[in-house]
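For reference, the structure is listed below as structure tokens.
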Amino acid sequence: MEKFGKIVVKLRTPILILALLLMIPAFLGMQATRINYDMLTYLPADIDTVEGQNILMDEFGKGAFSFVIVEGMNDKDISSLRQQIEEIPHVDSAIWYDSFVDLSIPKAILPQKLQNVFVQGDSTIIAVFFDTSSSADETIEAIEQIRSTAGKQCFVSGISALVTDLKALAEREEPVYVGIAVLCALIAMELLTDSWLVPPVFLAGIGITILYNMGTNIFLGEISYITKALAAVLQLAVTMDYSIFLWHAYCAQKQNCEAKTDAMALAIRDTVLSVAGSSLTTIAGFLALCFMSYTMGMDLGIVMAKGCLLGVIGSVTILPALILLFDKPLTKTMHRSLIPDMRVVAAWVTGHYWVFLILFIIILVPAAIGYSNTPVYYDFTQILSGDDLESISDDDMQFLIANRKLEEKFDVATTHMILCDAELSVSDASAMIRRIEAVDGVTNTLGLNSLLGSSIPEAILPERITSILKSEDYQLILINSAYKVSTDDCNHQIDEINAILKEYDQDGMLIGEAPCTKDLIEITNTDFTVVSWVSIGFVFLIILLTLRSISLPVILVAVIEFAIFINLGIPYYTGFTMPFIAPICISTIQLGSTVDYAILMTTRYKELRLDNDKKTSITQALAYAMPSVLVSALSFFAATFGVGVYSDIDLISSMCNLLSRGALVSMLSVLLILPALLMLLDGVVIHTSLGMKKKQTTSAMPGQSSAEQVI
């Protein structure tokens with residue numbers, strides 16, 4: 001590693017030139033990477049709801065579906081609007097009541113079912129099918145054109161409208177996210193480091209690797225908007241430690257070396273050896289997300305693991321070159337650290353370790369209860385605002401306004417779709433529909449047999465209508481429901497409809513946002529357990545190999561899991577409901593990125609314990625680790641807290657708030673609970689850690705038994 005350090009120092013100018021040149025393709029790659037805003041597309045491809053969506057596209061040429069609510073417009077204008085919508089690129093078809101009967105027929109004599117579906121007072125709805133998927137760029141463009149064509153009297157509902165509004169808001173907020181994270185991290189580092197110029201140099205080095213990470217995402221084809229929004233902030237937060245470590249190592253080596261280049265070569269050596277092990281737990285935490293069946297975890301996991309690796313590489317190549325380039329101004333702007341000597345605080349903590357053991361026991365039970373009952377939501381309409389609709393402007397919540405009008409005036413909260421056998425007899429299809437309409441919460445249905453009844457032959461319907469609702473192999477039935485997506489009532493309704501459907505067509509499928517969300521609930525509940533255990537297993541193994549101890553991995557993981565329990569348990573007691581993806585991601589990210597605090601202190605404790613008693617070893621290890629842990633945790637907090645406060649996207653806001661709070665809780669857990677557990681379990685650690693017992697025995701004083709020395 002020292003040879004590697006010398007090579008980096010020697011080639012520092014070419015390294016900087018290459019680093020700057022690589023920013024160009026990285027920027028182009030970032031711009032070319034598609035962003036996916038539809039979270040349902042990450043469901044496993046082999047479940048019925050996803051297969052049904054594919055059949056809908058293949059058999060009917062239909063992907064996305066929306067209702068357009070029209071207010072205060074006469075029938076002729078509505079009919080004209082429907083035709084204009086149908087002409088918009090990628091609109092497959094638009095259905096209104098004039099699709100079934102001529103406008104010359106008065107509404108009053110139309111079947112009541114037909115009236116209920118399309119008309120309520122001065123409001124009416126047009127059902128619009130698109131020939132592209134819900135989150136496709138073409139669908140988003142079509143939604144925008146529909147809004148432009150329809151004007152202020154019309155409102156577009158559905159998941160595609162949500163995706164459209166979400167994309168507009170996210171694209172507007174994302175540059176601000178990065179700016180806030182950089183500003184807050186800069187302020188924190190100015191206060192916590194020992195040079196006024198070093199924070200901008202750190203940020204420049206990290207910023208380059210962040211751009212590399214975002215640019216190399218082009219090889220993935222696309223990433224989710226959550227990954228895009230969080231990747232830069234998280235990479236800044238978790239890789240700041242590597243820069244701080246290099247700087248401290250460089251400053252320490254300068255005191256022993258005449259030439260700054262020699263000092264940097266040794267600092268690179270020290271950084272590689274320390275950061276390589278430290279980064280493994282963080283990378284492992286991110287890679288654990290790849291074990292989710294819900295593949296958005298893989299999306300975030302791969303990007304962040306890659307970002308962490310690039311951060312390590314940048315900290316031992318690009319950053320050393322920058323520090324050497326600005327060595328003189330960096331030295332001139334050094335000042336006394338604002339962090340005081342922590343020996344007195346450390347002595348007080350270890351002297352009162354029993355207090356923290358009692359607190360650990362008292363807090364653990366309610367924290368575990370809160371953690372196991374973490375309240376989450378799966379309704380994608382809450383992604384923008386959560387429960388606070390007033391925080392979102394009308395321009396940003398157009399789809400929410402449309403959904404509210406659809407619910408209030410037509411008693412429709414969501415729409416399911418049935419794909420059943422095209423050869424199903426008229427009598428069976430009509431009987432099935434009657435039973436479905438009798439299910440609690442079903443408002444009405446729209447299908448070949450549901451509106452006009454079995455007495456009217458299909459042959460008299462226009463071919464353009466039959467082609468919309470029937471293909472060679474399948475017929476399509478729309479079911480409007482008064483129940484909101486992801487609620488217990490809606491999920492029970494889906495089960496009932498599915499049971500009825502299977503009686504008439506064993507291969508029939510119930511698809512749509514609500515059935516997909518029901519599958520999502522079941523899948524992510526399992527994912528939460530799997531990912532938590534995988535991340536714990538990865539981190540446990542890394543600590544086991546790093547510290548060569550059986551007991552220390554248990555203690556360290558327990559300390560961080562305790563912090564995770566507190567962080568994710570607080571919402572249960574405060575009544576805060578978070579997006580479903582948050583607890584899965586937070587549990588692994590918090591474990592992987594903050595267990596380093598515990599490893600730092602424990603490594604020092606092991607070294608000191610070879611020649612000192614337990615209290616002295618733990619006190620000195622705590623005093624040694626406190627400044628680094630404070631800087632790391634507060635930098636992590638600063639980088640994420642501002643984004644959480646600013647963002648109007650509830651999913652981003654919730655995750656950043658949880659990450660910022662998690663950094664602080666982990667910090668307190670490591671600085672207060674870990675020393676107490678080491679004081680309590682010192683003997684166990686010595687007997688279960690490779691080399692410690694032997695060294696303790698050989699260092700025993702004459703006339704003193706090894707057992708007495710251990711005690």
Side-chain angles (χ1 to χ4, degrees), residues 39 42-47 220 223-224 226-227 230-231 234-235 237-238 276-309 312 367-368 371-374 376 519-547 549-569 578-599 655 658-659 662-663 665-666 669:
M39 297 177 71
Y42 295 100
L43 285 167
D46 58 349
I47 61 176
L220 300 175
I223 59 172
S224 76
I226 298 173
T227 300
L230 292 178
L234 275 177
Q235 189 173 339
V238 301
S278 173
S279 63
L280 279 178
T281 57
T282 308
I283 292 173
F286 288 123
L287 290 180
L289 293 172
C290 297
F291 286 81
M292 291 174 61
S293 300
Y294 183 64
T295 55
M296 202 194 77
M298 180 177 289
D299 184 269
L300 179 61
I302 289 175
V303 172
M304 285 313 308
K306 174 161 59 73
C308 189
L309 180 60
V312 172
Y371 173 81
S372 59
N373 293 280
T374 302
V376 297
D519 286 340
L520 178 65
I521 294 172
E522 296 169 357
I523 288 168
T524 52
N525 282 341
T526 303
D527 280 345
F528 190 18
T529 303
V530 170
V531 170
S532 295
W533 282 111
V534 168
S535 61
I536 289 172
F538 279 170
V539 171
F540 185 96
L541 183 60
I542 291 169
I543 298 174
L544 177 70
L545 297 174
T546 303
L547 299 180
S549 170
I550 297 173
S551 57
L552 285 175
V554 177
I555 296 171
L556 269 58
V557 169
V559 167
I560 302 301
E561 283 297 314
F562 173 68
I564 293 170
F565 281 14
I566 294 174
N567 190 26
L568 293 179
M578 68 185 80
F580 71 93
I581 196 68
I584 305 175
C585 295
I586 298 304
S587 62
T588 56
I589 294 172
Q590 187 175 339
L591 174 62
S593 59
T594 65
V595 76
D596 294 347
Y597 309 164
I599 293 174
M655 290 189 67
L658 286 165
L659 285 167
V665 177
S666 289
S669 186

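We count residues from 1, following the sequence as given. Note that the structure is a prediction, hence the values are computed from the model and not measured.
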**Q.** Rounded distance [0.5 Å steps], OH in Y597 versus CG in L556
**A.** 13.5 Å

**Q.** Any side-chain heavy-atom pair of L309 and S279 under 4.5 Å
**A.** no

Q.
To check you understand the geometry: which heavy-atom pair defines the closest contact between F286 and I589, and what is its length?
A. CE2-CG1, 3.6 Å

**Q.** Closest non-hydrogen atom pair, D527 against S293
**A.** OD1-N, 2.9 Å

Q: Starting at OG1 of T588, measure out to CE of M304 and round the result to the nearest 0.5 Å.
A: 11.0 Å

Q.
So which atom in A305 and which in L287 form the shortest heavy-atom distance, rounded to 0.1 Å?
A. CB-CD2, 3.7 Å

Q: Give, for atom CE of M292 and atom CD1 of I584, the distance between the pair rounded to the nearest 0.5 Å.
A: 4.0 Å

Q) Are the side chains of Q590 and N567 in touch, meaning some heavy atoms are under 4.5 Å apart? A) yes

Q | Evaluation steps, side chain to side chain donor-acceptor pair (under 3.5 Å), between S224 and T227 | A | CA-CA 5 Å; S224 76; T227 300; 3.0 Å; yes

Q) Got a second to check how far L234's CG is from L230's CG, nearest 0.5 Å? A) 5.5 Å

(Q) Minimum heavy-atom separation for C290 and I302, please, with both atom names. (A) SG-CG1, 3.8 Å

Q.
Please report the interatomic distance CD1(I560) to OG(S587), rounded to the nearest 0.5 Å.
A. 13.0 Å

Q: Taking all non-hydrogen atoms of both residues into account, name the closest pair between M655 and C585 and its distance.
A: CE-CB, 3.6 Å

Q | Student check: side-chain heavy atoms of F291 and F538 closer than 4.5 Å | A | yes

Q) Parallel under 30°, tilted from 30 to 60°, perpendicular over 60°: which one fits the rings of Y42 and Y294? A) perpendicular

Q) P553 and I550: which non-hydrogen atoms are nearest, and at how many Å? A) CD-O, 3.4 Å

